[in-house]
Each structure stands twice: as structure tokens, then as C-alpha cells.
Amino acid sequence: AKESILTNIWFYDIELHEQEKMDNYVESHMDQALKDGEFQLYLQPKIDLKDGTLKSSEALVRWQTHDGRMLFPNQFIPIFENSGFCKKLDLFMFEQACLQLRKWMDQGIAPIGISVNQSKLLFYEADYVDCLKQIVNKYQVSPQLLTLEILEDLVADNVDEVNDKIHLLHQIGFRVSMDDFGSGYSSLNILGKLHIDELKVDRGFLQEIFDSDNQKAKIILQEIIKLAKTLAISTVVEGIETKEYHDLMKSFGCDLGQGYYYSRPISQEDFDKRYMEERKE
Ligand code: C2E
Ligand code: CA
Ligand code: CA
Ligand code: CA
């Protein structure tokens, strides 16, 4: 028994060391990486559950380092959030999304909407809405094609302040989505108070239903979708990994689905080849 404890401690040590090395890399390279264009916009399709067609997409960041590694958001986003760098990254990704819409239109391709993740720090910046407005004006793209995904912990006790900001965003024409819905604790409260356009149900629900066979989670999810519908809020379920998940969500009347069953997040080039070239007029 003693030996196994020591082995565990030893592995733990290595993991900590690796984690520390990664954190140091991220912190010391992020500024230069942004300048050098190492952050890339990947897109994942959002599918209409009624007919299986592509409806819109989500922008997800990937970091292609100069030495050829691909880093994923969970390796760097938490660090960006601590340092405030996520404000710069989110604006960069928002601009990349606008650029993508512009490219589609210039190529005569009917554009689809793009959702962009927005960190709490950026959302609370005084000139946040103006920044976004300037970027859509620069690329001459329709704000209706852009959805801002925010997390429920962003709201905390500031419902009025968040609603004021959502109102300003709506005046420009942006849509606002509540991401990872159901992963926190204040969900229903938020649904009643916030003026959101879309609800993205956390993939934890599908895991509960299919991995843990949790019948209550199934009932709650069905009711959430119904409730959102009654409130005229559109619904997306994320983490659709199999046909079984797809069929259940379709039977629940959910509007859109996102997940590996349809596609992983893929590069802009791959996304164009796979989904957009056929939309050329
Ligand atoms: P998210 O916004 O909830 O994005 C969905 C995540 O689920 C993505 O992970 C996506 O690749 C993954 N996913 C999609 N379908 C499936 C599926 O069927 N099964 C499973 N297991 N996973 C699926 P990713 O790309 O690693 O991003 C992780 C998180 O990092 C995102 O979660 C988001 O919170 C954050 N993030 C990504 N890009 C940005 C960004 O540009 N700005 C900010 N602030 N956060 C970002
Ligand atoms: Ca998201
Ligand atoms: Ca999510
Ligand atoms: Ca998430």
C-alpha cells in the first residue's frame, strides 16, 4: 500500500510540473501569438433538428503554435481569463467571425450565422458594445448573423446591468445566447429575467440521460425545451454524439443540435469545403 501511495505522489508531481510548464508557456507566448496569427477560428455546425440541414455555426478558438503544436481552449482560456487577455482574444475571434462572413458574401455564398463566445471580463467593459459595432461596420456585415454566447455565471447578481447591455446589443441587431445552460445553479431564475434569444443546453444533460440513465434529467430537459419554446427562446442542445441523442432531441422539439455526431469543430477551409461551397449562387 505504501508503494502505491508513493507512486501516486510521484505521478501527481509530474502532472503538476507539466501543468506548470504549460501555464508558463501560455503566459509568456500569448501576446506574440496573437500578433503572429497563431490563433485560429474553427467552426462547428449547428444543425436544424427538423430536417438535418446546416443552420448556423459556433466559432471555437484553436492555438497553432509556431513549433507545430495544436493547443485547445481548456489549456489556455482559464489563464487568459485570469490575466485579462481573454478580452483581446474574444475581440480577435469576433473580428475573425466578421471577416469570415465578409468572405462568404464576397464569394457569392449565402452566409450562415456565427456564434462567438464572450468572456465575462469583455462583456463588462464600458465600451464593449461600441467595440463590436465598430467591427461589424468595418466589415459591413449584418449583426443579425452574429450571436454572442455568454455563460450564466456572468450574470451573478447583476441582472439589470446585464439586461441593459443586452438591450444595447439588440438595438444593433446582435442575438444573445445563454451558453452551458443547466450547468450552474441559478438557471430558471435567469430564464425568467434575462432577455436572451437562445438557450444552449449544457451537454451534461445528455451525459446524465445516456451515460447515467438518469430519467429525471430526461424529464427536466424536455420541460426546459418546452418552457423555452413557450417563452419564444430558441433552443440548442450541445454534445450530440450519436443518432440516439439526435433522435431524442428531435422528439423533444429542440430547434438546433451541435455535436460530434454531425461534425467536430473544423478549420475554416474544411468548413467551406464541406458545407459552404454548395451554397454558392
Ligand atoms: P463551449 O462554448 O461550451 O463550446 C463547446 C465545446 O464542446 C467545444 O470545446 C466543442 O469542441 C465541444 N464539443 C462539441 N460537440 C461535442 C460533442 O459532441 N461531445 C463533446 N464531448 N464535446 C463537444 P472546445 O472547442 O475545446 O472549447 C471549450 C470551451 O472553451 C468552450 O466551451 C468555451 O467555453 C471556451 N472557448 C472556446 N473558444 C473560445 C473563445 O474564442 N473565447 C472564449 N471566451 N472562450 C472560448
Ligand atoms: Ca459556447
Ligand atoms: Ca456550451
Ligand atoms: Ca462549456
Side-chain angles (χ1 to χ4, degrees), residues 26 30 33-34 38-47 49 56-64 70-100 113-125 128 131-132 135 146-154 175-184 187 196-211 221 224 235-246 248-249 254 256-268 270-271:
V26 167
M30 57 194 188
L34 186 61
E38 290 181 10
F39 293 110
Q40 291 174 3
L41 176 98
Y42 269 51
L43 291 170
Q44 188 178 29
K46 286 173 161 178
I47 303 295
L49 288 172
S56 56
S57 60
E58 177 175 7
L60 293 156
V61 66
R62 297 292 180 260
W63 182 350
Q64 191 78 57
M70 162 91 92
L71 304 186
F72 290 84
N74 65 340
Q75 295 171 292
F76 54 82
I77 291 284
I79 296 167
F80 290 1
E81 275 167 354
N82 280 331
S83 66
F85 184 75
C86 61
K87 290 188 272 187
K88 283 190 201 169
L89 178 81
D90 288 349
L91 284 176
F92 172 79
M93 289 294 285
F94 181 84
E95 177 153 5
Q96 291 301 109
C98 291
L99 182 63
Q100 182 64 75
I114 303 180
S115 296
V116 187
N117 291 290
Q118 305 283 272
S119 62
K120 183 176 177 169
L121 283 178
L122 177 63
F123 189 88
Y124 280 109
E125 282 286 301
Y128 170 57
C131 279
L132 298 192
I135 299 171
L146 291 152
T147 298
L148 308 164
E149 293 193 2
I150 57 174
L151 294 168
E152 57 186 357
D153 76 337
L154 172 151
R175 297 175 76 245
V176 179
S177 174
M178 178 57 60
D179 199 359
D180 291 1
F181 183 80
S183 63
S187 309
I196 48 166
D197 306 281
E198 178 188 271
L199 202 68
K200 276 191 95 166
V201 177
D202 193 72
R203 70 184 167 85
F205 272 100
L206 289 179
Q207 286 172 334
E208 277 294 312
I209 295 170
F210 288 98
D211 298 347
L221 178 53
I224 287 173
T235 45
V236 185
V237 170
E238 51 182 34
I240 298 199
E241 293 182 351
T242 66
K243 183 171 187 308
E244 219 185 342
Y245 295 16
H246 166 94
L248 186 70
M249 290 310 103
C254 181
L256 302 181
Q258 183 179 344
Y260 297 165
Y261 174 58
Y262 313 107
S263 167
R264 290 187 176 252
I266 51 180
S267 70
Q268 292 165 282
D270 289 342
F271 195 88

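Just so it is clear, the values below take in all heavy atoms, side chains as well, and ignore hydrogens, waters and symmetry mates. Atoms within a ligand are numbered from 1 in the order they appear, just like the ligands themselves.
Of the N or O atoms in Gln258, none lie within a sub-3.5 Å distance of an N or O in ligand 1. Below 3.5 Å of separation, one finds no N or O of Gln118 facing any N or O of ligand 1. Note: an N/O pair closer than 3.5 Å links Arg203 and ligand 1 by distance alone.
The shortest heavy-atom distance from Cys86 to ligand 1 is not under 4.0 Å. The shortest separation from a heavy atom of Glu58 to ligand 1 is under 4.0 Å, placing the residue in contact. Arg62 counts as a contact of ligand 1, since one of its heavy atoms falls under 4.0 Å from the ligand. Close to ligand 1: Ile240, with a non-hydrogen atom less than 4.0 angstrom away.
The nearest pair of heavy atoms linking Tyr42 to Pro265 is CD2-O, 3.6 Å.
For the Ca ion (ligand 3), the set of nearby N, O or S atoms under 3.0 Å includes none belonging to Glu149. Under 3.0 Å from the Ca ion (ligand 2) lies no N/O/S atom of Glu238, from backbone or side chain alike. Counting backbone and side-chain atoms alike, Asp202 contributes no N/O/S atom closer than 3.0 Å to the Ca ion (ligand 3). Look at Asn117 and the Ca ion (ligand 2): an N/O/S atom of the residue is under 3.0 Å from the metal.
The shortest distance between side-chain heavy atoms of Val236 and Ser177 does not fall below 4.5 Å. Between Asp180 and Glu149, every side-chain heavy-atom pair lies at or beyond the 4.5 Å cut-off. Residues Phe92 and Glu95 fail the side-chain proximity criterion, which asks for heavy atoms closer than 4.5 Å. The shortest side-chain heavy-atom distance between Val61 and Asn117 does not fall under the 4.5 Å cut-off. At a threshold of 4.5 Å between non-hydrogen side-chain atoms, the residues Cys98 and Leu146 count as touching. Annotation: side chain of Gln118 is in contact with side chain of Leu132 (closest heavy-atom distance under 4.5 Å).
Here the Ca ion (ligand 2) is the vertex; the OD2 atom in Asp179 and the OE2 atom in Glu58 give an angle of 180° (to 10°).
No donor-acceptor distance shorter than 3.5 angstrom exists from the side chain of Glu125 to the backbone of Leu122, with no hydrogens or angles considered. Panel note: side chain Gln44, backbone Ser263; a donor-acceptor pair is recorded below 3.5 Å.
Numbered from 1 in the order shown, with element, the atoms of ligand 1 that lie under 4.0 Å from a heavy atom of Glu238 read 3 (O). In summary, the atoms of ligand 1 found under 4.0 Å from a heavy atom of Gln44, numbered by their order in the structure, are 14 (C), 15 (N). Distances below 4.0 Å separate heavy atoms of Pro73 from the following atoms of ligand 1: 24 (P), 25 (O), 26 (O), 27 (O), 28 (C), 30 (O), 37 (C). Listed by number with element, the atoms of ligand 1 under 4.0 angstrom from any heavy atom of Gly239 are 17 (C), 18 (O). Distances below 4.0 Å separate heavy atoms of Pro265 from the following atoms of ligand 1: 11 (O). Of all atoms in ligand 1, listed by their number and element, those nearer than 4.0 Å to a heavy atom of Asp180 are 3 (O).
At a heavy-atom cutoff of 4.0 Å, ligand 1 is contacted by both the backbone and the side chain of Val61. Of all the heavy atoms of Phe72, none lies under 4.0 Å from any atom of ligand 1, so neither backbone nor side chain is involved. Of all the heavy atoms of Ile77, the ones lying under 4.0 Å from any atom of ligand 1 belong exclusively to the side chain. Under 4.0 Å from ligand 1, not a single heavy atom of Lys200 appears. At a 4.0 Å heavy-atom cut-off, ligand 1 touches Asp179 through the side chain alone.
Between the choices Val237, Leu60, Val116, Leu122, the shortest heavy-atom distance to atom 37 (C) of ligand 1 belongs to Leu60.
When the Ca ion (ligand 3) is compared with the N/O/S atoms of Asp180, atom OD1 turns out nearest.
In this structure, OG on Ser57 lies 8.0 Å from CG on Leu41, to the nearest 0.5 angstrom.
A tilted orientation is assigned to the rings of His246 and Tyr261, their planes being inclined by 30° to 60°. Ring orientation note: the planes of Trp63 and Phe39 are tilted relative to one another, at an angle of 30° to 60°.
Under 3.5 Å, the side chains of Lys200 and Ser115 contain no donor-acceptor pair of N or O atoms.
With sequence neighbours excluded, the residues that form a salt bridge (charged side-chain N to carboxylate O under 4.0 Å, His left out) with Arg175 are Glu198. With sequence neighbours left out, the side chain to side chain contact (heavy atoms under 4.5 Å, CB included) criterion links Asn82 to no other residue.
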